[in-house]
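Heads up: numbering here begins at 1 and tracks the sequence. As the structure lists them, so they are numbered: ligands from 1, and atoms in each ligand from 1.
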Amino acid sequence: MKVLIVGSGGREHAIAASVAKSPQVDKIYCAPGNAGIGQLAECVPIGAMEFDRLVAFAREKEIDLTIVGMDDPLVGGLVDEMEAAGLRVFGPRKNAAILEGSKAFSKDLMKKYHIPTADYENFDDPEKALAYLEKAKMPVVLKADGLALGKGVLICQTLEEAKKGVKTIMEDKKFGEAGSRMVVEEFMTGREVSVLSFVDGKTIRIMSSAQDHKRALDGDKGLNTGGMGTFSPSPFYTPQVDAFCRKYIYQATVDAMAAEGRPFKGVIFFGLMLTENGPRVLEYNARFGDPEAQVVLPRMKNDMIDVVNACIDGTLDQTDLVFEDNAAVCVVLASKGYPVSYEKGFVIEGLEHFDGKEGYYCFHAGTKQTEEGIVTNGGRVLGVTAKGQDLKEARSNAYRATEWVSFDNKYMRRDIGKAIDEA
Ligand code: AMP
Ligand code: GLY
């Protein structure tokens, strides 16, 4: 069969690597892809938001299955357009991808269906938000309603900061139209865990847990990024936490979406915080996490195509997910200056060291093939993933492998997985 993957990051490289393992797959295309994905797939220069061109391409090449990796096209309704053209596609429709596309929607859903999350209020008028904040307990969390590349969240320690935050989000529109509406949320503390799941509209199957490192600098300092590294499984995701989430969060979310006439088919990513009072949902995403996918998918034993087909056909109840009994760590190699400003176009050396090495992966995020070779082409450049028998071994393998590649302005966090030592 022929598969088209939509997206161009490390997540899409990890998806492509999983798809490539399936004996059912003859050919993979990726739009637009990157230099690493190009080693597994034929990259086609069509942007993820060029819906008409994607539909035309899938028809012309007689694509059997399209997998949409990225949030923007999902929230924008690419799945609906492909389905309308008679194409088979994996991902939530627009009316379900709103679970990620609108934080106000997802908060209202959780409230209505009693899914544990932080207390909140939604605002579309900055004056009302300011009046509310005068009486709110600090610190407080402000969130732009719409998609903002994971950056539309402000944690404000004081009323002064919170007032500035309202201006930043709602008046200066730093995150664009995403900030026309805003959620003001209670500040919570605890460990964060990412749980990805496959969903077929009714049934949900949970993947192995992971933990991201969102801040740019060691010790969780610096600005929020798309993610600087991950490990899987999370030792903090205990059987007790799992039991709680299965009882109050996972199926409840799937049932809530169905009850709202928005059946969700695809991947739900639960961003959880393990608070003193039990797990709470921080956020939902309507797709695989990045870089979570880079540690979770390499450990999945199932044929990815079988699982995706079960989601589309509504037969996931007949599928069990199986994960290797080991661990994986991913360290992101970024360009110095990310996420603010950074240079691109530096030649990357040493990628061949990964060839044929079992349990080691170099997922490309921002890279480009040029005449001089593969060059850096983004803030996050590569995701170096290694497996190990346990998290400690995986971490030492991953950090060793980060030394195999070099490029100018290479930057990484040195403490990915440090939390493992506290487990
Ligand atoms: P989100 O995009 O909603 O996951 O928010 C990004 C990050 O902000 C999360 O991963 C948390 O680290 C932090 N965050 C979001 N909401 C809260 C909250 N209610 N309390 C504390 N931290 C939060
Ligand atoms: N790693 C967080 C995300 O994919 O949103």
Task: Under-4.0 Å salt bridge between Arg246 and Asp242 - done: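 Between Asp242 and Arg246 there is a salt bridge, with a charged N closer than 4.0 Å to a carboxylate O.
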If you count the atoms of ligand 1 from 1 in the order shown, which ones are under 4.0 Å from a heavy atom of [X]?
{"X": "Phe187", "result": "20 (N), 21 (C)"}
{"X": "Lys103", "result": "1 (P), 2 (O), 3 (O)"}
{"X": "Lys214", "result": "10 (O)"}
{"X": "Glu192", "result": "9 (C), 10 (O), 11 (C), 12 (O)"}

Open item on the list: Quiz question: by atom type and distance under 3.5 Å, do the side chains of Ser208 and Arg299 form a donor-acceptor pair?
Closed with: yes
TODO: Tell me which one of Met273, Glu283, Lys143 gets a heavy atom nearest to atom 15 (C) of ligand 1.
DONE: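 Looking at heavy atoms only, Lys143 sits closest to atom 15 (C) of ligand 1.
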- [ ] Ignoring hydrogens, just give me the one of Glu292, Gln294, Glu100 whose non-hydrogen atom is nearest atom 1 (N) of ligand 2.
- [x] Glu292
Open item on the list: If we check salt bridge (charged side-chain N to carboxylate O under 4.0 Å, His left out) with Arg287, which of these qualifies: Glu292, Glu100, Glu12?
Closed with: Glu100
Open item on the list: When you measure from the side chain of Thr253 to the backbone of Ile249, do you find a donor-acceptor pair of N or O atoms at a distance under 3.5 Å?
Closed with: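 Yes, the answer is positive, given that a donor and an acceptor are paired below the 3.5 Å cut-off.
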Open item on the list: So that I know where these two stand, are Tyr411 and Tyr342 an aromatic pair - ring centroids less than 6.0 Å apart?
Closed with: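 Here the rings of Tyr342 and Tyr411 have centres that are no less than 6.0 Å from each other.
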- [ ] Can you pull out the closest protein heavy atom to atom 2 (C) of ligand 2? Residue, atom name and distance to 0.1 Å, please.
- [x]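 Protein heavy atom at minimum distance: Asp212 OD2, 3.5 Å.
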- [ ] Could you tell me the residue and atom name of the protein heavy atom closest to atom 5 (O) of ligand 2, and the distance to it rounded to 0.1 Å?
- [x]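 It is Arg287 NH2, 3.0 Å.
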Open item on the list: Less than 6.0 angstrom from the centroid, inside 45 degrees of the normal: does Lys111 satisfy that with respect to the ring of Tyr120?
Closed with: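 Cation-pi check for Lys111 and Tyr120: passes.
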Open item on the list: Could you check whether Arg11 makes a cation-pi contact with Phe288, meaning its NZ or CZ is under 6.0 Å from the centre of the six-membered ring and within 45° of the ring axis?
Closed with: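 Pair Arg11/Phe288 does not count as cation-pi.
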Task: Which of the ligand 2 atoms, numbered from 1, are nearer than 4.0 Å to a heavy atom of Asn285 - done: 5 (O)
- [ ] Please could you name the atoms of ligand 2 that Gly289 approaches to less than 4.0 Å, counting only its heavy atoms?
- [x]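 Heavy-atom distances to Gly289 below 4.0 Å select 4 (O).
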TODO: Compare every heavy atom of Tyr399 with every heavy atom of Arg414, then report the nearest pair and how far apart it is.
DONE: C-OH, 3.1 Å
- [ ] Would you indicate whether Tyr248, at its atom OH, is surrounded by more than 12 heavy atoms from other residues, nucleotides or ligands within a distance under 6.0 Å?
- [x]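 Not more than 12 within 6.0 Å, no.
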Task: Close approach of Gly271 to ligand 2, heavy atoms, under 4.0 angstrom - done: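 Distance cut 4.0 Å: Gly271 fails for ligand 2.
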Open item on the list: Under the side chain to side chain contact (heavy atoms under 4.5 Å, CB included) test against Val89, which residue among Glu81, Glu83, Lys265 passes?
Closed with: Glu83
Open item on the list: When you compare ligand 2 with Arg11, is there at least one nitrogen or oxygen pair between them that comes in under 3.5 angstrom?
Closed with: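 Not met; the criterion fails.
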- [ ] Say whether Arg280 and ligand 1 are in contact under the criterion: heavy-atom distance to a ligand atom below 4.0 Å.
- [x]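 It does not; every heavy atom stays at 4.0 Å or beyond.
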Task: Part of Val141 with heavy atoms under 4.0 Å of ligand 1, whether side chain, backbone, both or neither - done: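 The answer is the side chain of Val141.
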Task: ligand 1-proximal atoms of Glu186, by part, heavy-atom distance under 4.0 Å - done: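 Only the backbone of Glu186 comes within reach of ligand 1.
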